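Report on one structure; see the data block that follows.
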2 protein chains.
Amino acid sequence: MSQLTEQPAEGPVPTSADVARLAGVSRATVSYVLNNNTAVRISDPTRRRVREAATELGYVPHAAARSLRAGHSRMVLLPTAHLPSTPLHHRFLHGLESGLRRLDYTVVQYGSIGLDPDDAARAWAELRPVAVIAPGSVPLAPQGIAVLRRSGAKAVITLGPQPVPGAHALITDQREVGASAVRHLLERGRHRIGVVMPAEAGPALFAGPRLAGARRAAAAGRARVEELPLHYTEESAAALAARWSTLGLDAVFAYDDAYAMLLMRALQDAGIQVPEDTAVVGADDSMLGRLLRPRLSSVRMELATVQPLADLVDRLVRHPGTEPERHDLLRARTVHRESS
Amino acid sequence: MSQLTEQPAEGPVPTSADVARLAGVSRATVSYVLNNNTAVRISDPTRRRVREAATELGYVPHAAARSLRAGHSRMVLLPTAHLPSTPLHHRFLHGLESGLRRLDYTVVQYGSIGLDPDDAARAWAELRPVAVIAPGSVPLAPQGIAVLRRSGAKAVITLGPQPVPGAHALITDQREVGASAVRHLLERGRHRIGVVMPAEAGPALFAGPRLAGARRAAAAGRARVEELPLHYTEESAAALAARWSTLGLDAVFAYDDAYAMLLMRALQDAGIQVPEDTAVVGADDSMLGRLLRPRLSSVRMELATVQPLADLVDRLVRHPGTEPERHDLLRARTVHRESS
DNA sequence: TTGAAAGCGTTACCAA
DNA sequence: TTGGTAACGCTTTCAA
């Protein structure tokens with residue numbers, strides 16, 4: 001048929017038994033050598049023979065067999081929801097991942113969008129991860145946590161604005177973002193503050209807490225806060241801008257820089273002066289904001305450094321059964337530019 | 001110590017033997033029932049007893065044991081480089097993933113940034129994936145392909161602008177992006193065309209091919225193309241804008257919308273009129289471009305629909321040893337707005 | 001210093 | 001219709 005011969009022959013996958021045969025030793029010896037087992041002394045010539053045999057055959061150990069025998073894996077599972085995310089988020093994930101790799105964990109992302117929460121937890125559990133770090137964008141109920149723990153996960157950790165009962169929590173408290181923006185606006189003398197609420201599903205997760213933080217800061221400063229639902233479309237922005245004067249607002253916190261740009265453009269097109277008539281504050285402190293005119297004031301966020309976090313995960317894995325811990329990751333401060 | 005008792009007891013993980021014991025049947029029967037094995041008839045009462053026992057124990061099958069026994073897994077490994085990517089890219093990945101899930105594959109992403117190419121391939125091979133789909137941002141050499149094939153991967157597929165010898169290739173031919181932009185500019189009567197070359201490592205992968213496509217289209221239209229290295233900073237953009245008049249260009253293709261915005265802003269700040277003095281074209285057709293003034297002309301890209309792609313992967317897995325195939329995924333056309 | 005053998009959780013073959 | 005058993009690849013204990 002289409003069984004054309006290729007360079008890497010369609011042969012059977014080499015096992016440690018093949019290596020042993022070629023090196024003229026037992027499988028045990030192969031295991032000792034390749035795992036640098038110090039508890040047992042192997043002669044240097046033997047070591048060399050084993051190594052050479054392994055290389056010659058292109059032997060790669062079988063992770064499944066290994067963890068089956070060991071009774072546990074070193075896989076850390078990171079369910080993902082594939083939301084386009086910010087550079088900050090990317091740096092964080094990458095840092096966490098390489099931190100864990102340094103501790104000899106295998107980090108694996110498992111796309112879980114559109115799965116029923118229970119199915120998802122079961123699917124993760126089948127892989128018998130030693131730890132699961134679930135972002136808030138992925139549904140994880142106490143039910144799912146129980147399944148994971150029963151299947152041997154030593155640590156179940158959530159990552160997001162909300163903790164989940166029974167799991168450890170790395171908290172990115174988005175309320176601080178909204179609060180920082182509103183405090184900034186209060187300092188600039190604004191008291192009637194709109195807060196853009198993205199209608200899209202992805203941002204919705206963060207939008208609620210940001211609004212709550214904005215409300216809290218506003219209450220402390222005798223300011224008024226008004227929710228402003230907005231789709232990420234020009235039409236929606238234009239519609240909002242058209243009724244802007246009826247809202248009686250002198251400032252707006254626009255969820256993030258992208259929504260801020262969308263709204264600011266619509267406001268300007270509708271003849272509303274920024275910042276004179278209305279101050280605008282975004283969030284993410286992206287390059288985008290610096291390129292707008294007026295330059296966009298924006299909430300800058302910083303996440304905790306990651307090596308300590310990887311160490312934390314490691315500690316939780318080694319001491320399962322500790323009370324759920326909470327760790328606050330997010331710091332926010334507003335960078336003042338021209339739009340406010 | 002810190003061994004506080006928790007709700008999900010620290011007990012042993014339930015196995016199919018436990019389910020069998022509780023249901024009063026053999027392990028084989030459990031396997032038949034839970035896998036809906038049709039080759040074997042099991043009485044309904046037995047089925048029910050087994051199912052109930054499994055639920056009661058919270059039994060989840062052990063994927064490693066299963067694939068060890070089966071001699072193969074259904075894992076598709078997707079090495080990732082964690083570049084912040086476009087919504088288009090996200091939609092594509094998510095679609096491919098759910099398409100493969102529908103075909104009963106387990107899709108897993110493996111962050112591989114900063115790994116030596118050979119180490120990376122070995123690490124992937126340890127998981128014994130049935131297929132590997134490696135984006136161009138992840139280094140994969142013929143050496144690595146051989147390791148993967150030897151370890152049982154039925155299909156090794158690259159995804160990006162360049163094919164790799166020995167692997168199947170899903171090609172996103174970025175040359176077409178540059179060519180489309182330049183053809184558009186030629187139609188608008190421009191003949192001295194700058195092409196922005198991002199100095200950052202991430203975009204560099206796409207920048208070369210886009211430039212090559214631009215050159216090809218320019219040659220066909222007797223136009224001149226000039227490379228313009230640019231860092232993604234305001235300073236770099238300002239520096240480029242400052243020497244703009246000495247370049248004698250009447251148009252620029254700016255790699256993507258973000259770089260286009262950066263450059264367009266710098267040009268405007270330097271008093272250069274867009275599009276009168278210089279036409280600007282971006283790429284990605286993002287919301288960003290529609291919000292700029294003048295509105296940004298941009299190359300819109302479309303990727304092939306994904307279910308056929310998932311089917312393709314499935315076919316390659318079922319017919320290993322077929323000649324490396326190439327499939328072209330990318331379509332590009334330029335959307336004309338005000339900046340050109 | 002090395003080897004033989006058991007066992008991890010599954011599934012598939014063959015008997016009963 | 002159901003059960004016993006062997007085997008997948010690996011590590012580790014015990015014996016030589």
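Given the structure is predicted, the values throughout are model-derived calculations rather than measurements. Naming: A, B, ... by sequence-line order, numbering from 1 per chain.
Between B/Arg21 atom CZ and D/dG3 atom C1' the separation is 15 Å, expressed in whole Å. Here D/dG9 presents its P atom at 16 Å from CG of A/Leu34, a figure rounded to the nearest Å. We find that CZ of B/Arg27 is positioned 11 Å from P of D/dT5, with the value rounded to whole Å. Atom CG of B/Asn36 and atom P of C/dT10 are 16 Å apart (whole Å). Atom pair B/Leu127:CG and D/dC10:P shows a separation of 14 Å (rounding to whole Å applied).
Of the possible donor and acceptor atoms, one in the side chain of B/Asp116 sits under 3.5 Å from a partner among the backbone N and O of B/Asp118. A distance-only check finds a donor-acceptor pair linking the side chain of B/Ser112 to the backbone of B/Tyr110 [under 3.5 Å]. Put simply, the side chain of A/Thr46 never gets that close to the backbone of A/Ile42: no donor and acceptor are under 3.5 Å apart. Between the A/His168 side chain and the A/Glu325 main chain, a donor and an acceptor come within less than 3.5 Å of each other. With hydrogens and angles disregarded, a donor-acceptor distance shorter than 3.5 Å links the side chain of B/Arg74 to the backbone of B/Leu103. The main-chain N or O of B/Ser31 is found under 3.5 Å from a side-chain atom of B/Asn35 such that the two form a donor-acceptor pair.
The phosphate of D/dC10 (OP1 or OP2) has a side-chain N or O of A/Ser16 nearer than 4.0 angstrom. Between A/Thr15 and D/dG9 there is no side-chain N or O to OP1 or OP2 distance below 4.0 Å. OP1 or OP2 of C/dT2 sits under 4.0 Å from a side-chain N or O of A/Thr46. Residue A/Asn35 has a polar side-chain atom (N or O) positioned under 4.0 Å from OP1 or OP2 of D/dT11. Checking the phosphate oxygens (OP1, OP2) of D/dC10, no side-chain nitrogen or oxygen of A/Ser31 falls inside 4.0 Å.
Two residues are said to be in side-chain contact when any heavy atoms from C-beta on lie closer than 4.5 Å; B/Ser151 and B/Arg128 meet this criterion. At least one side-chain heavy atom of A/Gln109 sits under 4.5 Å from a side-chain heavy atom of B/Thr80.
No hydrogens or angles were tested; on distance alone, nothing pairs the side chain of B/Arg41 with the base of D/dT2 as donor and acceptor under 3.5 Å.
Within a 6.0 Å sphere centred on CZ of A/Arg315, other residues, nucleotides and ligands contribute more than 12 heavy atoms.
Of all the residues in residues 61-75 of chain A, A/Leu68, A/Arg69 reach under 4.0 Å from DNA chain C with at least one non-hydrogen atom.
Residue A/Val40 is in base contact, counting any heavy-atom pair closer than 4.0 Å across all strands shown.
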For nucleotides 14-16 of chain D, list the nitrogen or oxygen atoms of the protein found under 3.5 Å from its nitrogen or oxygen atoms, one pair per line.
none

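Among the nucleotides D/dG4, D/dT1, D/dC10, the one closest to the side chain of B/Ser43 is D/dT1.
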